[in-house]
Amino acid sequence: MTVRSLKSPEDLVDAGLIDESRLESVRRVTERYAVAVTPAMAGLIDGNDASDPIGLQFLPSEAELLQTPEERADPISDEAHSPVPGIVHRYPDRVLLKAVHVCPVYCRFCFRREMVGPQGNGTMGADELSTALAYIRDHEEIWEVILTGGDPLVLSPRRLTAIMEGLKAIAHVKIVRFHTRVPVVDPGHIETQLIEALKSSGKTTYIALHANHPRELTQEARAACARLIDAGIAMVSQSVLLKGINDAPDILADLMRAFVETRVKPYYLHHPDLAPGTSHFRMNIEDGQRIIAAMRGYISGLCQPTYVLDIPGGHGKAVIGQNAAAKQPEGCYSISDFNGNDHIYPPSAE
């Protein structure tokens, strides 16, 4: 029997993931922000543990109804950089192609939470896709197209093939990248037809896999990644540094090691964006830098992600990992090692 995703407060109560006493308050949250929990994720959640790191990511919380003054509906200003529907052109050599605004799960910290879901911006129609592809074709500086949304891997193989065939005809596009949670949250969806669709452009294809806690990298998820990688699709990771979920060096180290064991190269660790109702997930940058510094030297270089912040207002990503080199008045540098000790470079002559 196929187990369906949980998409309502009543579903969550029936599954034992939230207490019935919270039904009305949780309903107020879900009236504003979409909810969906796949069977794979529901099976990982301990409904008796309010601090369960998987549950915190996917189960709606009354804290989401609190909006702070600095939060905004479009925290990284996608719309300001959208020349045609479905395209975000923020950096010269790459664009986002937002073909769909539906996800298999809805993260409670999502920076596009005002745009995704059943009441969101929907799926790109044929005319919009044609316009988006024409924009890409007309801008020869575009080297990479990044399919995001929503989650592009919820599209059928037929729809994905149509997009990839459109990109195949654009010679200056060399790289196609997909941002997705599907291999983790619905690993059985990674089947032969889908993989063939992902490869149908004939271009170098990457998948950026979003996961935030080592428990998400189940054996089923690792097997789904193996199917993609063995088919010639390279994989990198994306994670968000989240209070109460992975804001400890040992948890983050275990996550990055799990990626590397799965042949997924750690790529970005994002500082949470200023999306509405997400302040309970955010820590300050200094705490994030301390966590990154605590990992440095204790895990392999293969496991080191780049800690980044998307600057509000659409100004792009900035690397915000702790700067280990500080120039001194004498022209030399003070370098911090992974134990927090400082050293002068170049060292004095002996």
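Below, all heavy atoms of this structure are taken into account, side chains as well, without hydrogens, waters or symmetry copies.
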Chemist: I'd like to know whether OH of Tyr206 has more than 12 heavy-atom contacts from other residues, nucleotides or ligands below 6.0 angstrom.
Modeler: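 Not more than 12 within 6.0 Å, no.
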Chemist: Testing the basics here: between Pro183 and Ala224, what is the closest heavy-atom pair and its distance to 0.1 Å?
Modeler: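 Minimum heavy-atom separation between Pro183 and Ala224: O-CB, 3.8 Å.
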Chemist: Distance from Leu241 atom CG to Leu309 atom CG, nearest 0.5 Å?
Modeler: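 Here the interatomic distance stands at 11.5 Å.
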Chemist: At what distance, to the nearest 0.5 angstrom, does CG of Asp186 lie from OG of Ser5?
Modeler: 7.0 Å
Chemist: With side chain to side chain contact (heavy atoms under 4.5 Å, CB included) as the test, would you mind laying out the steps for Val184 and His210 before giving the verdict?
Modeler: CA-CA 8 Å; Val184 160; His210 178 182; over 6 Å; no
Chemist: Measure from the side-chain N and O atoms of Arg177 to the backbone N and O of Val145, and report whether any donor-acceptor pair falls under 3.5 Å.
Modeler: no
Chemist: Start with the C-alpha distance between Leu228 and Leu198, add both sets of side-chain angles, then the distance that settles side chain to side chain contact (heavy atoms under 4.5 Å, CB included), and finish with yes or no.
Modeler: CA-CA 9 Å; Leu228 291 161; Leu198 296 176; 3.8 Å; yes
Chemist: Are Leu6 and Leu44 linked, directly or through intermediate hydrophobic residues, by side-chain heavy-atom contacts shorter than 4.5 Å (ILVMFWY only)?
Modeler: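 Shared cluster, yes.
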Chemist: Okay, side chain of Thr262, backbone of Ala258: is any donor-acceptor separation there less than 3.5 Å?
Modeler: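 Yes: the side chain of Thr262 pairs with the backbone of Ala258.
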Chemist: If you define the side chain from C-beta out and look only at heavy atoms, does anything of Ile87 sit under 4.5 Å from Ile136?
Modeler: yes
Chemist: Taking all atoms of both residues into account, what is the closest heavy-atom pair of Val182 and Pro104, and its distance?
Modeler: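 For Val182 versus Pro104, the nearest heavy atoms are CG2-CG, 3.9 Å.
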Chemist: Salt bridge between Asp52 and Arg215, side-chain N to carboxylate O under 4.0 Å?
Modeler: yes
Chemist: Asn246 side chain to Asn212 main-chain N or O, any donor-acceptor pair under 3.5 Å?
Modeler: yes
Chemist: With a 3.5 Å distance limit and no angle check, can you tell me whether His189 reaches the backbone of Leu153 through a side-chain donor-acceptor pair?
Modeler: yes
Chemist: Determine the minimum heavy-atom distance between Cys110 and Ala275, stating which atoms define it.
Modeler: O-CB, 3.4 Å
Chemist: Between Glu71 and Arg282, is there a salt bridge with N-O shorter than 4.0 Å?
Modeler: yes
Chemist: Do the charged groups of Lys98 and Glu128 touch, with an N to O distance under 4.0 Å?
Modeler: no
Chemist: Do side-chain atoms of Ser237 reach the backbone of Tyr267 as a donor and acceptor pair under 3.5 angstrom?
Modeler: yes
Chemist: Taking side chain as C-beta onward, heavy atoms only, is Lys317 less than 4.5 Å from Tyr268?
Modeler: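 Answer yes - side chains close enough.
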Chemist: To the nearest 0.5 Å, what is the distance between CG (Leu160) and CD (Glu165)?
Modeler: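 It comes to 12.0 Å.
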Chemist: Say you draw a straight line from OG of Ser200 to CD1 of Ile195; how long is it, rounded to the nearest 0.5 Å?
Modeler: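 These two atoms lie 12.5 Å from each other.
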Chemist: Find out if a path of hydrophobic residues (ILVMFWY) with successive side-chain heavy-atom gaps under 4.5 Å connects Tyr91 to Val84.
Modeler: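 Tyr91 does not cluster with Val84.
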Chemist: Ignoring hydrogens and angles, tell me if any N or O in the side chain of Thr38 forms a donor-acceptor pair with the backbone of Val185 under 3.5 Å.
Modeler: yes
Chemist: With a 4.5 Å heavy-atom cut-off, do Cys225 and Leu209 have their side chains touching?
Modeler: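 Of all side-chain heavy-atom pairs linking Leu209 with Cys225, at least one is under 4.5 Å.
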Chemist: With the threshold set at 4.0 Å, does a side-chain nitrogen-carboxylate oxygen contact exist between Arg90 and Asp310?
Modeler: no
Chemist: Checking side-chain hydrogen bond (donor to acceptor under 3.5 Å, both in side chains) for the pair Tyr307/His270: CA distance, chi angles, key distance, verdict?
Modeler: CA-CA 6 Å; Tyr307 184 32; His270 295 269; over 6 Å; no
Chemist: I need the Cys332 SG to Ile344 CD1 distance, nearest 0.5 Å.
Modeler: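 So the gap between those two atoms works out to 4.5 Å.
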Chemist: Does this structure show an ion pair linking Glu144 with Lys203, if we count only N-O contacts that are shorter than 4.0 Å?
Modeler: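 No, no charged N to carboxylate O under 4.0 Å.
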Chemist: Could you give the distance from CG (Leu133) to CG (Leu97), rounded to the nearest 0.5 Å?
Modeler: 7.0 Å
Chemist: So, do Arg108 and Leu56 sit near enough that their side-chain heavy atoms are less than 4.5 Å apart?
Modeler: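 No, side chains not in contact.
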Chemist: I need the minimum non-hydrogen distance between Met164 and Ala197, along with the two atoms involved.
Modeler: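 Heavy atoms of Met164 and Ala197 come nearest at CG-O, 3.4 Å.
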Chemist: Count I, L, V, M, F, W, Y as connected when their side-chain heavy atoms are under 4.5 Å apart, and connections chain through other members. Are Met256 and Val240 then in the same cluster?
Modeler: no
Chemist: Indicate yes or no: does Arg113 engage Glu64 in a salt bridge with an N to O separation below 4.0 Å.
Modeler: yes
Chemist: May I ask you to test the Ser300-Val260 pair for a side-chain heavy-atom distance under 4.5 Å?
Modeler: no
Chemist: Tell me which pairs pass ring-ring contact (aromatic ring centres under 6.0 Å, His included) where either residue lies in residues 151-186, with sequence neighbours left out.
Modeler: none
Chemist: Please determine whether a side-chain nitrogen of the Lys or Arg among Arg181 and Asp151 lies less than 4.0 Å from a carboxylate oxygen of the Asp or Glu.
Modeler: no
Chemist: If you apply the rule side chain to side chain contact (heavy atoms under 4.5 Å, CB included), what do you find for Val35 with Leu12, and how did you get there?
Modeler: CA-CA 10 Å; Val35 61; Leu12 299 175; 4.2 Å; yes
Chemist: Any chance you could lay out the salt bridge (Lys or Arg N to Asp or Glu O under 4.0 Å) test for Arg4 and Asp11, step after step, and finish with the verdict?
Modeler: CA-CA 10 Å; Arg4 65 184 180 89; Asp11 288 342; 2.9 Å; yes
Chemist: Does the Lys174 side chain pair with the main chain of Ala171, one donor and one acceptor, at a distance under 3.5 Å?
Modeler: yes
Chemist: Is the side chain of Asp247 donor-acceptor paired with the backbone N or O of Gly244 at a distance under 3.5 Å, no angle test?
Modeler: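 Checking the backbone N and O of Gly244 against the side chain of Asp247, a donor-acceptor pair under 3.5 Å is found.
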Chemist: Could you pull out the closest heavy-atom pair between Val29 and Glu62, with the gap in Å?
Modeler: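 Smallest interatomic distance, heavy atoms only, reads CG2-CA, 3.9 Å.
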Chemist: Any chain of hydrophobic side-chain contacts (each under 4.5 Å) joining Val13 to Leu59?
Modeler: yes
Chemist: Show, in sequence, the C-alpha distance, side-chain angles and deciding distance for Glu141 and Asp93, and conclude whether the side chain to side chain contact (heavy atoms under 4.5 Å, CB included) test is met.
Modeler: CA-CA 5 Å; Glu141 72 275 20; Asp93 75 336; 5.8 Å; no
Chemist: List the steps, then state whether side-chain hydrogen bond (donor to acceptor under 3.5 Å, both in side chains) holds for Arg72 with Ser77.
Modeler: CA-CA 9 Å; Arg72 53 193 73 185; Ser77 298; 5.5 Å; no
Chemist: Does the pair Arg27/Glu24 count as a salt bridge with the N-to-O cut at 4.0 Å?
Modeler: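 Glu24 and Arg27: salt-bridged.
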Chemist: Are any non-hydrogen side-chain atoms of Pro83 and Tyr135 less than 4.5 angstrom apart?
Modeler: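 Pro83 reaches Tyr135 side chain to side chain.
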Chemist: List for me each residue that meets ring-ring contact (aromatic ring centres under 6.0 Å, His included) alongside Phe281, sequence neighbours excluded, and say none if there are none.
Modeler: Phe109
Chemist: Quick check: are there more than 12 heavy atoms from other residues, nucleotides or ligands sitting under 6.0 Å from CG of Asp230?
Modeler: yes
Chemist: For the backbone of Ile190 and the side chain of Arg227, can you confirm whether one donor and one acceptor N or O come within less than 3.5 Å of each other?
Modeler: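 A pair under 3.5 Å: yes.
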Chemist: Does Ser82 reach the main-chain N or O of Asp78 with its side chain, forming a donor-acceptor pair under 3.5 Å?
Modeler: no
Chemist: Quick one: does Glu216's side chain get under 4.5 Å of Ile54's, heavy atoms only?
Modeler: yes
Chemist: Please name the pair of heavy atoms, one in Lys265 and one in Gly301, separated by the smallest distance, quoted to 0.1 Å.
Modeler: NZ-O, 4.2 Å
Chemist: Are Asp254 and Arg257 within salt-bridge range, i.e. N to O under 4.0 Å?
Modeler: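 A salt bridge links Asp254 with Arg257.
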Chemist: May I ask you to test the Leu217-Leu255 pair for a side-chain heavy-atom distance under 4.5 Å?
Modeler: yes
Chemist: Same cluster for Leu167 and Ile207 if Ile/Leu/Val/Met/Phe/Trp/Tyr side chains link at under 4.5 Å?
Modeler: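 Leu167 clusters together with Ile207.
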